[in-house]
S.K.: 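Can you read through this structure? Questions will come right after.
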Amino acid sequence: MRNGSRGRWMRVLVAGVVGMHAASSPASAQAVLDSVLGGNVFPLRVETGGQLSGPGAAWIETAAKGAHFVAIGENHNTRAIPELTVGLFRMLHQREGFDYLALEEGPEIGRLLSRAVRGGEADGAFRLGLRYPSAFHMYTEDELRMIDRVAAISTAPDPVWGLNQEFAAAHVLERLIALAPDEPARTLAREQHGHALEHEGERYARNVSWLGGVAKPAGFQALREAFRPEPGSEADALIHQLALSNQVWSPYNTQPSPHFTAFHQSGWLREQNMKTLFAGAWRAAHAAAGRPPRVLVKSGHVHLGRGIGPNNEVFTLGNFLSEQATFQGGHSLHLYVVLNWPDLPESFLAPFVKHVTPGQDVLFDLRPLQPWAFHGQIPGLDARLRRMLTGYDALIILGDTARGSIEALRTPRFRPYPDGG
């Protein structure tokens with residue numbers, strides 16, 4: 001269909017559906033959403049053990065056919081979403097050849113996770129979490145067990161990718177100690193490793209991130225000068241990630257709080273780094289396997305919708321995935337996943353919550369609503385809801401509202417995150 005014909009068709013469609021609601025003078029957002037959703041609400045069941053069933057599972061299977069990437073935009077540190085992730089990965093692996101899980105974790109932790117889960121132990125990711133308690137962004141037993149379970153399904157040699165800045169430094173500095181070109185460089189890396197461990201030996205025991213709130217840029221510049229790494233080498237990448245991670249965290253640990261442009265720059269650096277890390281991991285997997293890798297990506301809501309994300313107002317990793325999938329001759333599928341927490345009926349998702357009973361898992365196909373959102377035809381549409389409708393293909397509301405378990409990870413001075421972090 002030529003562009004002019006498509007435009008006329010879209011205008012006729014929108015005008016026609018708007019006419020259906022003219023009697024409401026004007027129609028409420030709820031009335032429009034209810035009318036357009038129609039038969040696009042699908043019960044879903046996330047079985048214990050990581051199996052998906054019901055009409056919602058069938059919808060995902062159909063929508064994911066031929067997809068290169070599937071994105072889970074999530075609430076962090078829950079019990080239900082890791083379970084959903086295992087079931088979704090199993091389905092995608094069996095039906096579409098997905099073999100990789102990309103996470104909102106640092107790249108070196110991603111590398112160490114791949115090595116741990118391929119090390120012959122069924123709980124390699126969990127053991128790595130115990131070894132480096134401060135290095136993980138998402139740090140629950142459910143999250144770590146999920147990685148182990150996904151790795152058991154995958155046939156890839158390096159099934160886990162880390163797409164975020166680093167959240168700690170000790171594990172990176174350990175690797176730099178091993179890569180040091182001479183004793184002065186090794187001594188400097190050991191000194192910094194010792195300082196990092198004072199803060200990272202127990203998770204946020206000092207209520208501050210060493211990498212984000214204590215370390216200074218000059219320390220990482222000193223590492224670069226001591227190592228003199230070849231551009232593109234492993235040492236070069238590790239030192240770069242330490243310095244970049246410190247830069248990303250800096251506005252959040254600066255008092256008084258800096259100008260808003262510093263936070264925008266931080267968000268832009270973070271999102272660009274996520275795209276760069278994905279591209280590098282994709283190229284490596286493609287070279288190793290001889291075919292384009294299929295990837296399940298799991299990250300926060302702000303990162304995985306198409307277009308410009310909220311908070312930082314930058315083009316997202318999800319937008320990058322969508323465009324890359326199109327470039328490769330495929331498509332991407334974007335799922336916005338939330339838990340039916342008590343405050344959800346008061347949120348911008350309230351129009352959907354009315355269709356869900358407590359404890360129920362439900363999938364909403366958002367695609368029929370997208371023309372309405374794009375063309376401003378939903379009266380009083382909340383800006384956050386518009387962003388979800390235009391950025392994601394489906395909304396999944398899960399009935400299990402439990403937080404992820406941290407009991408097996410606790411130590412005497414354990415903190416999930418620094419206060420205010």
Side-chain angles (χ1 to χ4, degrees), residues 42-65 67 69-105 110 113-114 116-119 121-129 136 138-156 158-161 293-300 304 333-340 359-363 394-409:
F42 302 95
L44 171 68
R45 184 169 179 80
V46 182
E47 310 272 2
T48 302
Q51 297 285 349
L52 306 184
S53 61
W59 185 95
I60 294 172
E61 185 173 342
T62 299
K65 187 171 289 296
F69 314 123
V70 173
I72 301 175
E74 65 157 8
N75 292 133
H76 293 326
N77 295 320
T78 69
R79 182 171 67 186
I81 294 176
E83 203 68 35
L84 171 71
T85 302
V86 173
L88 184 56
F89 190 88
R90 178 178 286 110
M91 173 195 290
L92 294 170
H93 176 76
Q94 293 172 348
R95 302 286 191 272
E96 302 294 329
F98 276 57
D99 249 347
Y100 300 90
L101 176 66
L103 299 171
E104 196 177 339
E105 301 289 353
L113 280 167
S114 281
V117 298
R118 288 292 179 255
E121 295 179 336
D123 58 352
F126 181 75
R127 289 176 180 269
L128 190 71
F136 287 80
M138 265 56 78
Y139 192 63
T140 68
E141 185 174 357
D142 305 84
E143 190 81 12
L144 296 169
R145 300 292 187 194
M146 173 202 76
I147 297 168
D148 282 320
R149 293 163 68 193
V150 164
I153 298 168
S154 170
T155 58
D158 298 300
V160 185
W161 300 355
R294 301 292 188 262
V295 190
L296 177 61
V297 185
K298 176 176 170 291
S299 188
L304 289 182
L333 178 66
H334 300 246
L335 308 174
Y336 192 103
V337 184
V338 296
L339 272 56
N340 196 1
Q360 183 185 24
D361 303 328
V362 178
L363 182 147
L395 164 67
I396 297 175
I397 299 180
L398 298 176
D400 179 358
T401 60
R403 294 283 186 180
S405 173
I406 58 174
E407 293 310 308
L409 305 172

S.K.: Report the distance from atom OG1 of Thr140 to atom CD of Glu407, rounding to the nearest 0.5 Å.
M.R.: 11.5 Å
S.K.: Quick one: do Ser53 and Glu47 satisfy side-chain hydrogen bond (donor to acceptor under 3.5 Å, both in side chains)? Show the steps, please.
M.R.: CA-CA 8 Å; Ser53 61; Glu47 310 272 2; 3.1 Å; yes
S.K.: Using every non-hydrogen atom in the two residues, find where Leu92 and Ala64 come nearest and quote the distance to one decimal.
M.R.: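 Smallest interatomic distance, heavy atoms only, reads CD2-CB, 3.7 Å.
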S.K.: Just how far is it from atom CZ of Arg149 to atom CZ of Phe89, taken to the nearest 0.5 Å?
M.R.: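 The CZ atom of Arg149 sits 12.5 Å away from the CZ atom of Phe89.
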S.K.: With sequence neighbours left out, what residues match Asp99 under side-chain hydrogen bond (donor to acceptor under 3.5 Å, both in side chains)?
M.R.: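 Partners of Asp99 under the side-chain hydrogen bond (donor to acceptor under 3.5 Å, both in side chains) test: His93, Ser154, Thr155.
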S.K.: How far apart are the C-alpha atoms of Phe136 and Leu144, what are their side-chain angles, what is the distance that settles it, and do they pass the side chain to side chain contact (heavy atoms under 4.5 Å, CB included) test?
M.R.: CA-CA 10 Å; Phe136 287 80; Leu144 296 169; 3.7 Å; yes
S.K.: Rounded to the nearest 0.5 Å, what separates atom CG in Leu339 from atom OG1 in Thr401?
M.R.: 6.5 Å
S.K.: Which is it for Val337 and Asn75 under the side chain to side chain contact (heavy atoms under 4.5 Å, CB included) test, yes or no, and what are the steps along the way?
M.R.: CA-CA 7 Å; Val337 184; Asn75 292 133; over 6 Å; no
S.K.: Quick one: does Glu143's side chain have a donor or acceptor within less than 3.5 Å of a partner on Asn77's backbone?
M.R.: no
S.K.: Do you know which two heavy atoms are closest between Ala71 and Leu304, and how far apart they sit?
M.R.: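 For Ala71 versus Leu304, the nearest heavy atoms are CB-CD1, 3.9 Å.
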S.K.: One thing to verify: whether Lys298 and Glu104 come together as a salt bridge, which I'm taking to mean a side-chain N less than 4.0 angstrom from a carboxylate O.
M.R.: no
S.K.: Measure the shortest side-chain to side-chain distance between Phe126 and Asp148 over non-hydrogen atoms and say whether it is less than 4.5 angstrom.
M.R.: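 Touching, per the 4.5 Å side-chain cut-off.
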S.K.: Between Val295, Val86, Thr85, Val117, which is the residue that forms a side-chain contact (heavy atoms from CB on, under 4.5 Å) with Leu101?
M.R.: Thr85
S.K.: Going through the checks in order, is the side chain to side chain contact (heavy atoms under 4.5 Å, CB included) test met by Lys65 and Glu96?
M.R.: CA-CA 7 Å; Lys65 187 171 289 296; Glu96 302 294 329; 3.8 Å; yes
S.K.: Ignoring hydrogens and angles, state whether a donor on the side chain of Glu74 or Ser299 is under 3.5 Å from an acceptor on the partner side chain.
M.R.: no
S.K.: Within a strict 4.5 Å, meaning less than it, do heavy atoms of the Ile406 and Tyr139 side chains meet?
M.R.: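 The answer is no; the side chains never approach within 4.5 Å.
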S.K.: Evaluate the criterion side chain to side chain contact (heavy atoms under 4.5 Å, CB included) for residue pair Val297 and Ile72; output intermediate values, then yes/no.
M.R.: CA-CA 6 Å; Val297 185; Ile72 301 175; over 6 Å; no
S.K.: What distance do Glu83 atom CD and Leu88 atom CG have between them, rounded to the nearest 0.5 Å?
M.R.: 12.5 Å
S.K.: Could you grab the distance from atom CG of Asn340 to atom CG of Asp400, nearest 0.5 Å is fine?
M.R.: 11.0 Å
S.K.: Regarding Arg45 and Asp361, does a basic nitrogen lie under 4.0 Å from an acidic carboxylate oxygen?
M.R.: no
S.K.: Side chains of Ile396 and Ile60: does their closest heavy-atom pair fall under 4.5 Å?
M.R.: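 With C-beta onward as the side chain, the pair touches.
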S.K.: To check you understand the geometry: which heavy-atom pair defines the closest contact between Phe69 and Pro293, and what is its length?
M.R.: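 Scanning both residues, the minimum pair turns out to be CE2-O, 4.0 Å.
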S.K.: What is the distance from atom CG of Leu103 to atom CG of Leu296, rounded to the nearest 0.5 Å?
M.R.: 8.5 Å
S.K.: Give a yes or no on whether the backbone of Val160 and the side-chain of Tyr100 come within a donor-acceptor separation of less than 3.5 Å.
M.R.: no
S.K.: Report yes if some heavy atom in the side chain of Ser405 is under 4.5 Å from a heavy atom in the side chain of Asp142; otherwise report no.
M.R.: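 The answer is yes; the side chains approach within 4.5 Å.
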S.K.: Quick one: closest heavy-atom pair of Ala394 and Trp59, and the distance?
M.R.: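 Heavy atoms only, the tightest pair is CB-CH2, 3.6 Å.
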S.K.: What is the minimum heavy-atom distance between Gly56 and Leu44, and which atoms define it?
M.R.: C-CD1, 3.7 Å
S.K.: The criterion is side-chain hydrogen bond (donor to acceptor under 3.5 Å, both in side chains); which residues satisfy it with Glu141, sequence neighbours excluded?
M.R.: Arg145
S.K.: Restricting to non-hydrogen atoms, name the atom on Arg118 and the atom on Pro159 that form the minimum distance, rounded to 0.1 Å.
M.R.: NH2-CG, 3.8 Å
